Amino acid sequence: MKRLSILLVTGLLVGLLITPSMARKKEEDREMLFEWEEVSQQDWDIKNDSAYRDDKAVMIFEKIYADDKDLQENNFYRTIYRRIRILNEEGRQWADVDVPFLDESQKVLDIKARTILPGGDIIELAQDQIKEKDMVRVEGKRIRQKSFSLPGVTHDCLIEYVIMYELPNVYGIWNIQKNIKLISGEYHWEFFDFIKEKIHFYPSFFNPYGHEVAPQYIWEGLTDNYRVRKLPLEDPEKILFQVNDIAAIDDEPYADFKCVQPARLIYYYGPDCLPAVFWGGLTVFIDRILEYYGKEDKEVMKVVEAFAALPTDEEKIEAAYNWLQQNIRNTSFEEVPELEEQNKKKKFKKKTEMAENIDEIIKHGYGSKIEINFLFYTMLKRMDIEARLALAVDRLDDYFNFKLKFWQFDRTLVVVPDEKGDWTFYSPGEKFLPAAAIPWFDEGETAFINDLNKQKYELPFSPAERNVIKKTYAYTFDDEFEISGTVAMACTGHKARTYRLKIHGEDEAGRGEILKEEIKEILPEAETDSLNFENIENSNDSFRITCRTTYAAVEAQGDRLLFKPCRYLSECENPFLDKKRDHDILFPYAYKMEDSASFELPEGWTVEALPADTVIENPVGRCEVQFVSEGNTVSVKRSFTLNKARCPKTQYSYVRHLFASRQELSDKIIVLKTV
């Protein structure tokens, strides 16, 4: 299951104890033993008729084979086999396949693919047609991607491909629903035989009370329309899950993942106790782990002594937070040469291995994000500040399900309650994250709090005032009506952190290339140069970018010139064109955007007509535009505020009206004329 590797991060957390005699011999070369299934007439009978008239393509089947037999060596294998019927020209996009994977920790062992034409001709994918490239570096991990396009694809053909992975931990999610219909799905799970291997499970994060552990599963997002079968095979170490006639995902912009709940199967190895018992046991166990992990605290006490004279707990918390971000290098976001050298010398390498205790982190001067948060938690405790550990889920991938009995979390947070009973969350282990903030992809989700009295808590959303994007434009018309000038952008909160993380670890040239692409997205019609950026490290101040821009000449019509000034500001698209909405709306975060632009007119021209100032406001947000003419300069001020990140579908009319109004205001025309 995802994030399972964190369960075995150190000797402290070991829950699975295996003697050498139990270990299964690792296969040095694991070939993909595979044969294409026969193509039937039934596959060809799927046509763009009344049953599939709105479909571009249909997935005839998806068959996944999960092999966990080598669990004790952290070797897990997945084979995915899909056959797709292309139904029209637009459906050909399904012949372009991307296969992302985490570099080094995951491997794509083999890929086979072919196109089958209606006449029976078969075109195989050549291995040299499979390309590999870096996608992005996230939290110190490099995500790579293999990509291929099936050859000879027509608007009326079959394509099929098979991909085999080797994974470092269990990936126990089968996302059943696709962006196209799925006629038949099979998931073959060959799990680890706990009884035969006689493995003993002791208390740990994975199994806090030492219960018997066995393969378990749960279905999510299913309705009566799905025909689901669980078929135990003759072999007691295998289970086959089957589904049929799965509708495509209803793909609405900014759909709330919790609301959509695409059909999926979650399977894992977990204890046989009730969920409440599991989470209660985990609460107690985490307390013991944190107590044990922080028992070596001489270095911690030296640090917190410097904060003892501060008058309030709030000042002490902020001082500890800033000290960690300034003095402890974060190995989750950057490479630390000492750690790399240390790992090379180890006979057995564990990338998730933690320091032995809290003091060791301070002595080394580096730690992972979870280590830094553990250290922050201990520092608060040593200053007699009440603190709890919170565990959160990235809402882009998942959400916390209290019914499941396994470690589900992406990250740790430290929570401090106040006298009024309110909770404030901190995470100094998240690089460039300001104090008293949480990453935007955790906002609004249910977190697990290490507190027996209140284990579940809805994480707050940040207000729009904490996520402000200000852009200032100073433009000039030349005699040929070409527009050029400078653009300056300053942003705070989540947007600023996003920029900082994107360029972190890059040299000057690399930063420039990344930010140039960002400016291109903001101002797609502009030619930009002289790019400059500042304040790339200090998360308590605005991140700033400046550049020069040039636009193509505006065409005059006789003695008059009509132009849309907002065309030269950042684009404002309206993604909400549908009249009705089926799902709740979840934006990344609430924000406020302010644009201020001045246009110096060419000699001999003046303003004949300005649009009226306009303000639109409703419960979801506010947009405003103002126009001013002074001398030979015309100015535009535009602002847009999204008050809330999550909006129920009952407020869709407000959302639609707000974004439509923003688009309409951005299309206002100024009329210039010759003097």
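Since we're looking at a predicted model, the values are computed, not measured.
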Undergrad: Nearest 0.5 Å, please: how far is CD in E89 from NZ in K56?
TA: 13.0 Å

Undergrad: So D478 and S484, side-chain hydrogen bond (donor to acceptor under 3.5 Å, both in side chains) or not? Walk me through it.
TA: CA-CA 8 Å; D478 66 12; S484 62; over 6 Å; no

Undergrad: Backbone N or O of V153 within a donor-acceptor pair of the R92 side chain at under 3.5 Å?
TA: yes

Undergrad: For Q93, is the CD atom crowded, meaning more than 12 foreign heavy atoms sit under 6.0 Å from it?
TA: yes

Undergrad: Is a side-chain donor or acceptor of N574 paired with a backbone partner of Q663 at a separation under 3.5 angstrom?
TA: no

Undergrad: Mind listing the closest non-hydrogen atom pair of H583 and A255 along with its distance?
TA: CB-CB, 4.4 Å

Undergrad: Verify, without hydrogens or angle tests, whether R329 (side chain) and E335 (backbone) share a donor-acceptor contact under 3.5 angstrom.
TA: no

Undergrad: How many angstroms lie between atom CG of D394 and atom CG of D410, to the nearest 0.5 angstrom?
TA: 5.0 Å

Undergrad: Check whether any side-chain N or O of N538 sits under 3.5 Å from a backbone N or O of N540 as a donor-acceptor pair, and report yes or no.
TA: yes

Undergrad: Report yes or no: does K431 contribute a side-chain atom to a donor-acceptor pair with the main-chain N or O of P428 at less than 3.5 Å?
TA: no

Undergrad: Is the NZ or CZ atom of R662 positioned over F640's six-membered ring, under 6.0 angstrom from the centre and within 45° of the axis?
TA: yes

Undergrad: Taking 4.0 angstrom as the limit, do R646 and E443 come out as a salt bridge?
TA: no

Undergrad: Between E458 and T446, is a side-chain hydrogen bond (donor to acceptor under 3.5 Å, both in side chains) present by the stated rule, with each step listed?
TA: CA-CA 4 Å; E458 294 297 317; T446 301; 2.5 Å; yes

Undergrad: Are the charged groups of E624 and R638 less than 4.0 angstrom apart, N to O?
TA: no

Undergrad: Quick check: does any side chain N or O of Q177 sit under 3.5 Å from a backbone N or O of A247, one acting as donor and the other as acceptor?
TA: yes

Undergrad: One thing to verify: whether R511 and E506 come together as a salt bridge, which I'm taking to mean a side-chain N less than 4.0 angstrom from a carboxylate O.
TA: no

Undergrad: Judged by atom type as modelled, is there a donor-acceptor pair below 3.5 Å linking the side chain of T528 to the main-chain atoms of A526?
TA: no

Undergrad: Please determine whether side-chain contact (heavy atoms from CB on, under 4.5 Å) holds for the pair E525 and R567, giving the CA-CA distance in whole Å, both sets of side-chain angles, and the decisive distance to 0.1 Å.
TA: CA-CA 9 Å; E525 296 183 22; R567 173 188 171 187; 2.8 Å; yes

Undergrad: Checking the side chain of N373 only, and the main-chain atoms of T412 only, is there a donor and an acceptor separated by less than 3.5 Å?
TA: yes

Undergrad: Please determine whether the number of non-hydrogen atoms from other residues, nucleotides or ligands lying under 6.0 Å from atom CG of D479 exceeds 12.
TA: no

Undergrad: Do you know the tightest heavy-atom contact between S462 and A590?
TA: O-CB, 3.8 Å

Undergrad: Are K649 and I585 packed together at the side-chain level, in the sense that at least one heavy-atom pair is separated by less than 4.5 angstrom?
TA: no

Undergrad: Could you grab the distance from atom CD1 of I249 to atom CD1 of I176, nearest 0.5 Å is fine?
TA: 11.0 Å

Undergrad: Find out whether L665 and C623 are in side-chain contact, i.e. whether some heavy atom of one side chain is under 4.5 Å from a heavy atom of the other.
TA: yes

Undergrad: Any heavy-atom pair between the side chains of I503 and I536 that's under 4.5 Å?
TA: yes

Undergrad: Please list, chain by chain and in numerical order, all residues satisfying salt bridge (charged side-chain N to carboxylate O under 4.0 Å, His left out) with R548, sequence neighbours excluded.
TA: none

Undergrad: Side chain to side chain contact (heavy atoms under 4.5 Å, CB included) with S542: which residues, sequence neighbours excluded?
TA: A490, T492, R544

Undergrad: Report the relative orientation of the aromatic rings in F409 and F400; use parallel for angles under 30°, tilted for 30 to 60°, perpendicular for over 60°.
TA: tilted

Undergrad: What is the distance from atom CD of Q325 to atom CD1 of I372, rounded to the nearest 0.5 Å?
TA: 8.0 Å

Undergrad: Are the ring centres of F461 and Y591 closer than 6.0 Å?
TA: no

Undergrad: State the OG-CD1 distance between S661 and I616, to the nearest 0.5 angstrom.
TA: 4.5 Å

Undergrad: Check whether NZ of the Lys or CZ of the Arg R497 lies under 6.0 Å from the centre of the six-membered ring of F441 and within 45 degrees of that ring's axis.
TA: no

Undergrad: Between R500 and E537, is the closest basic N to carboxylate O distance under 4.0 Å?
TA: no

Undergrad: Using a strict cut-off of less than 4.0 Å between a Lys/Arg side-chain nitrogen and an Asp/Glu carboxylate oxygen, indicate whether K47 and D156 qualify as a salt bridge.
TA: no

Undergrad: When K181 is tested against each of D245, D54, D55 for salt bridge (charged side-chain N to carboxylate O under 4.0 Å, His left out), which residue passes?
TA: D55

Undergrad: Does atom OH of Y457 have more than 12 heavy-atom neighbours from other groups under 6.0 Å away?
TA: yes

Undergrad: Over all heavy atoms of both residues, which pair between E430 and N330 is shortest? Give the atoms and the distance, please.
TA: N-ND2, 4.5 Å

Undergrad: For V628 versus L610, what's the shortest heavy-atom pair and its separation?
TA: C-CD1, 4.1 Å

Undergrad: Between atom CZ of R622 and atom OG of S639, what is the distance when rounded to the nearest 0.5 Å?
TA: 6.0 Å

Undergrad: Of all the heavy-atom pairs spanning Y589 and L642, show the shortest one and how long it is.
TA: O-CD2, 4.1 Å

Undergrad: Could you tell me whether D595 and K637 have a side-chain N and a carboxylate O separated by less than 4.0 Å?
TA: no

Undergrad: Between E220 and Y399, does any side-chain donor sit less than 3.5 Å from a side-chain acceptor?
TA: yes

Undergrad: State which residue, out of Y568, F563, W605, fulfils the ring-ring contact (aromatic ring centres under 6.0 Å, His included) condition with F477.
TA: F563

Undergrad: Could you go through the side-chain hydrogen bond (donor to acceptor under 3.5 Å, both in side chains) check for E318 and Y426 one step at a time?
TA: CA-CA 10 Å; E318 185 175 357; Y426 299 86; over 6 Å; no

Undergrad: Can K592 and E594 be counted as an ion pair, charged N to O under 4.0 angstrom?
TA: yes

Undergrad: So that I know where these two stand, are Y654 and F576 an aromatic pair - ring centroids less than 6.0 Å apart?
TA: no

Undergrad: Would you say the side chain of I123 lies within less than 4.5 Å of the side chain of L117, judging by non-hydrogen atoms?
TA: yes

Undergrad: Can you list the steps and then say if D398 with Q408 is a side-chain hydrogen bond (donor to acceptor under 3.5 Å, both in side chains)?
TA: CA-CA 9 Å; D398 213 338; Q408 301 176 43; over 6 Å; no

Undergrad: Please report the closest heavy-atom contact between R581 and P253, naming both atoms and the distance.
TA: NH2-O, 2.7 Å

Undergrad: Okay, side chain of N88, backbone of E90: is any donor-acceptor separation there less than 3.5 Å?
TA: yes

Undergrad: In plain terms, say whether R411 and D442 are close enough for a salt bridge, that is, a side-chain N and a carboxylate O under 4.0 Å apart.
TA: yes

Undergrad: Please name the residue in the list L523, T549, V636, T486 that meets the side-chain contact (heavy atoms from CB on, under 4.5 Å) test with Y473.
TA: L523

Undergrad: Walk me through whether E62 and K178 qualify under side-chain contact (heavy atoms from CB on, under 4.5 Å).
TA: CA-CA 10 Å; E62 176 180 64; K178 320 293 179 187; 2.8 Å; yes

Undergrad: Holding to side chain to side chain donor-acceptor pair (under 3.5 Å), I want the full list of residues that pass it with Q651, two or more places apart in sequence or in another chain.
TA: K644

Undergrad: When you measure from the side chain of D559 to the backbone of K673, do you find a donor-acceptor pair of N or O atoms at a distance under 3.5 Å?
TA: no

